[in-house]
Amino acid sequence: MDGPSFGEEEEPLHTILGKTVYTGIDHHWKEAVFATCGQQVDIWDEQRTNPICSMTWGFDSISSVKFNPIETFLLGSCASDRNIVLYDMRQATPLKKVILDMRTNTICWNPMEAFIFTAANEDYNLYTFDMRALDTPVMVHMDHVSAVLDVDYSPTGKEFVSASFDKSIRIFPMDKSRSREVYHTKRMQHVICVKWTSDSKYIMCGSDEMNIRLWKANASEKLGVLTSREKAATDYNQKLKEKFQYHPHVKRIARHRHLPKSIYSQIQEQRIMKEARRRKEVNRLKHSKPGSVPIVSERKKHIVAVVK
């Protein structure tokens, strides 16, 4: 990690030449092992130039691979053929995969609950899965109006942040379908990657116009040292908000977020489209023989199959 002195060229400590293109990399949380993905998932030892093992399921290129921070021998990957595949490093075999309607760009494991992970999808939604029951997502998170490109959990595991092609980032509670916060600026373009810092206070994002931005995880939080009176006042205000959170005016103020015109108009448009689809389903159900049209819940609607 020590940088070169002035005028010296920086030399890598170790170089690995692979036979295929690598599209993603992630390091094991405890051991000197890392994984790469491309045409297949390769597990490498840091000291060796050949992979320890290679795992594949299907023929499409794999875009992202992530190690589980708790069950450290498990890893998940998402491929361009709409699959999310789970692997076990000890057996050197794929465990199971879930096929969605559209492609998943990346996944992120919950750092507090070993079996939970969230997938960022091209269909504008994020899906939180329990790896023990992949046929139904735990929650579908819907607020973005374009493809979701990246997702990262907070260290507490209670919330995650998502980056989207619609030039905004959103913070979702893990168990809610709607976001609690949206961040955007006039100059920020398509957000490609996002990370939550380990102290749980800040969010970093990188976007198309070559800038890295630092955001507060809690927008109204005061930075710096607080006096005891300031802390007491903040806690008291927070308790007041919680006490009256269901009052219509308080609820409206807490929920309101200013949005750019482009995002606002797309939300309105998608609301009209969703309402039309719902009305069509209700009419089809009403005018067909009882039992002939199955009722599919929103959670199961986007899952094509689960293969073990």
Side-chain angles (χ1 to χ4, degrees), residues 1-57 59-80 85-92 94 104-109 111 117 120 149-155 160-163 165 169 187-215 217:
M1 296 297 288
D2 297 327
S5 57
F6 182 74
E8 285 184 17
E9 280 191 27
E10 191 162 12
E11 292 289 329
L13 297 174
H14 188 43
T15 306
I16 295 170
L17 292 173
K19 295 172 183 171
T20 60
V21 174
Y22 298 124
T23 54
I25 185 168
D26 196 35
H27 201 283
H28 195 282
W29 286 79
K30 290 178 181 171
E31 297 178 10
V33 171
F34 66 94
T36 60
C37 63
Q39 290 180 8
Q40 61 197 20
V41 172
D42 293 323
I43 309 293
W44 305 77
D45 190 297
E46 282 182 7
Q47 307 303 323
R48 294 174 59 181
T49 54
N50 289 319
I52 303 166
C53 69
S54 297
M55 298 176 282
T56 182
W57 193 349
F59 300 100
D60 276 78
S61 62
I62 299 158
S63 58
S64 169
V65 63
K66 290 284 168 74
F67 273 102
N68 191 320
I70 302 170
E71 296 290 334
T72 51
F73 292 103
L74 292 176
L75 59 157
S77 74
C78 39
S80 57
V85 188
L86 303 178
Y87 306 91
D88 190 336
M89 206 173 82
R90 292 163 294 191
Q91 298 175 10
T104 300
N105 287 315
T106 185
I107 67 166
C108 186
W109 294 93
F117 67 90
L149 301 178
D150 200 13
V151 59
D152 192 39
Y153 265 94
S154 76
F160 60 84
V161 61
S162 62
F165 200 75
I169 64 175
R187 295 188 180 207
M188 188 161 75
Q189 296 303 305
H190 313 307
V191 192
I192 305 299
C193 56
V194 70
K195 280 279 178 273
W196 204 309
T197 57
S198 299
D199 62 354
S200 190
K201 285 197 179 296
Y202 303 100
I203 289 162
M204 287 189 284
C205 71
S207 45
D208 256 357
E209 85 295 352
M210 299 181 291
N211 284 334
I212 296 170
R213 286 182 172 80
L214 189 67
W215 309 84

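The first residue in the sequence is number 1, and the count goes up from there. Heavy-atom basis, side chains included; hydrogens, waters and symmetry copies ignored.
- Side chain of Glu209 to main chain of Gln189: a donor-acceptor pair is present (N/O by atom type, distance under 3.5 Å, no hydrogens or angles).
- With a 4.5 Å cut-off on side-chain heavy atoms, Leu75 and Asp26 do not count as touching.
- The number of heavy-atom neighbours closer than 6.0 Å to CZ of Phe165, taken from other residues, nucleotides and ligands shown, is 12 or below.
- Residue Asn68 holds its CG atom at 10.0 Å from SG of Cys108, rounded to the nearest 0.5 Å.
- Atom OG of residue Ser63 and atom CG of residue Asn105 lie 6.5 Å apart, to the nearest 0.5 angstrom.
- Side-chain N or O atoms of Trp196 include none that pairs as donor or acceptor with a backbone N or O of Val161 at under 3.5 Å.
- Taken to the nearest 0.5 Å, the CG atom of Leu214 stands 9.0 Å off from the SG atom of Cys205.
- Asp150 places a side-chain N or O within donor-acceptor distance of the main-chain N or O of Val194, the cut-off being under 3.5 Å.
- The local environment of CD in Gln40 is crowded, with over 12 non-hydrogen atoms from other residues, nucleotides or ligands closer than 6.0 Å.
- Distance alone, capped at 3.5 Å, places no donor-acceptor pair between the Asp60 side chain and the Ala79 backbone.
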Practice task
Using the salt bridge (charged side-chain N to carboxylate O under 4.0 Å, His left out) rule, take Arg90 and Asp88 through it: C-alpha gap first, then chi angles, then the decisive distance, then the call.
Solution key: CA-CA 6 Å; Arg90 292 163 294 191; Asp88 190 336; 3.3 Å; yes
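- Minimum heavy-atom separation, Phe67 to Trp29: O-NE1, 3.4 Å.
- Put simply, CG on Asp45 and CD1 on Ile52 are 4.5 Å apart, with the number rounded to the nearest 0.5 Å.
- Between the His28 side chain and the Thr72 main chain, a donor and an acceptor come within less than 3.5 Å of each other.
- The minimum heavy-atom distance between Ser200 and Ala217, with the atom names listed, is O-CB, 3.7 Å.
- The two atoms that bring Ser77 and Ile62 nearest to each other are CB-CG2, 3.7 Å, heavy atoms only.
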Exercise for the section: Would you sort out whether Met89 and Val33 count as a side-chain contact (heavy atoms from CB on, under 4.5 Å), showing the intermediate values? Expected result: CA-CA 10 Å; Met89 206 173 82; Val33 171; 4.2 Å; yes
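- Under the 30°/60° scheme for interplanar angles, the aromatic rings of Tyr22 and Trp44 are found to stand perpendicular.
- For Tyr87, the ring-ring contact (aromatic ring centres under 6.0 Å, His included) criterion is met by no residue, not counting sequence neighbours.
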Practice task
Using the side-chain contact (heavy atoms from CB on, under 4.5 Å) rule, take Gln39 and Lys19 through it: C-alpha gap first, then chi angles, then the decisive distance, then the call.
Solution key: CA-CA 10 Å; Gln39 290 180 8; Lys19 295 172 183 171; over 6 Å; no
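- Residues Met204 and Tyr202 are not in side-chain contact: their nearest non-hydrogen atoms beyond the backbone lie 4.5 Å or more apart.
- Between Ile192 and Asp208, the closest side-chain pair of non-hydrogen atoms falls below 4.5 Å.
- Under a cut-off of 6.0 angstrom, the local environment of CD1 in Ile212 is sparse, with at most 12 non-hydrogen atoms contributed by other residues, nucleotides or ligands.
- Proximity of a side-chain donor or acceptor of Thr23 to a complementary backbone N or O of Cys37 within less than 3.5 Å is detected.
- In this structure, Lys66 and Trp109 approach most closely via the heavy-atom pair O-NE1, 3.2 Å.
- For the side chain to side chain contact (heavy atoms under 4.5 Å, CB included) with Phe73, the qualifying choice from Glu31, Gln91, Lys30 is Glu31, the only one to do so.
- Minimum interatomic distance between Pro111 and Ile70 (heavy atoms only, all atoms of both residues): O-CD1, 3.4 Å.
- Closest approach of His14 and Arg48 over heavy atoms only: NE2-O, 3.9 Å.
- Separating the CZ atom in Phe160 from the CZ atom in Phe117 is a distance of 12.5 Å, to the nearest 0.5 Å.
- Counting heavy atoms from C-beta on, the side chains of Arg213 and Val191 never come closer than 4.5 Å.
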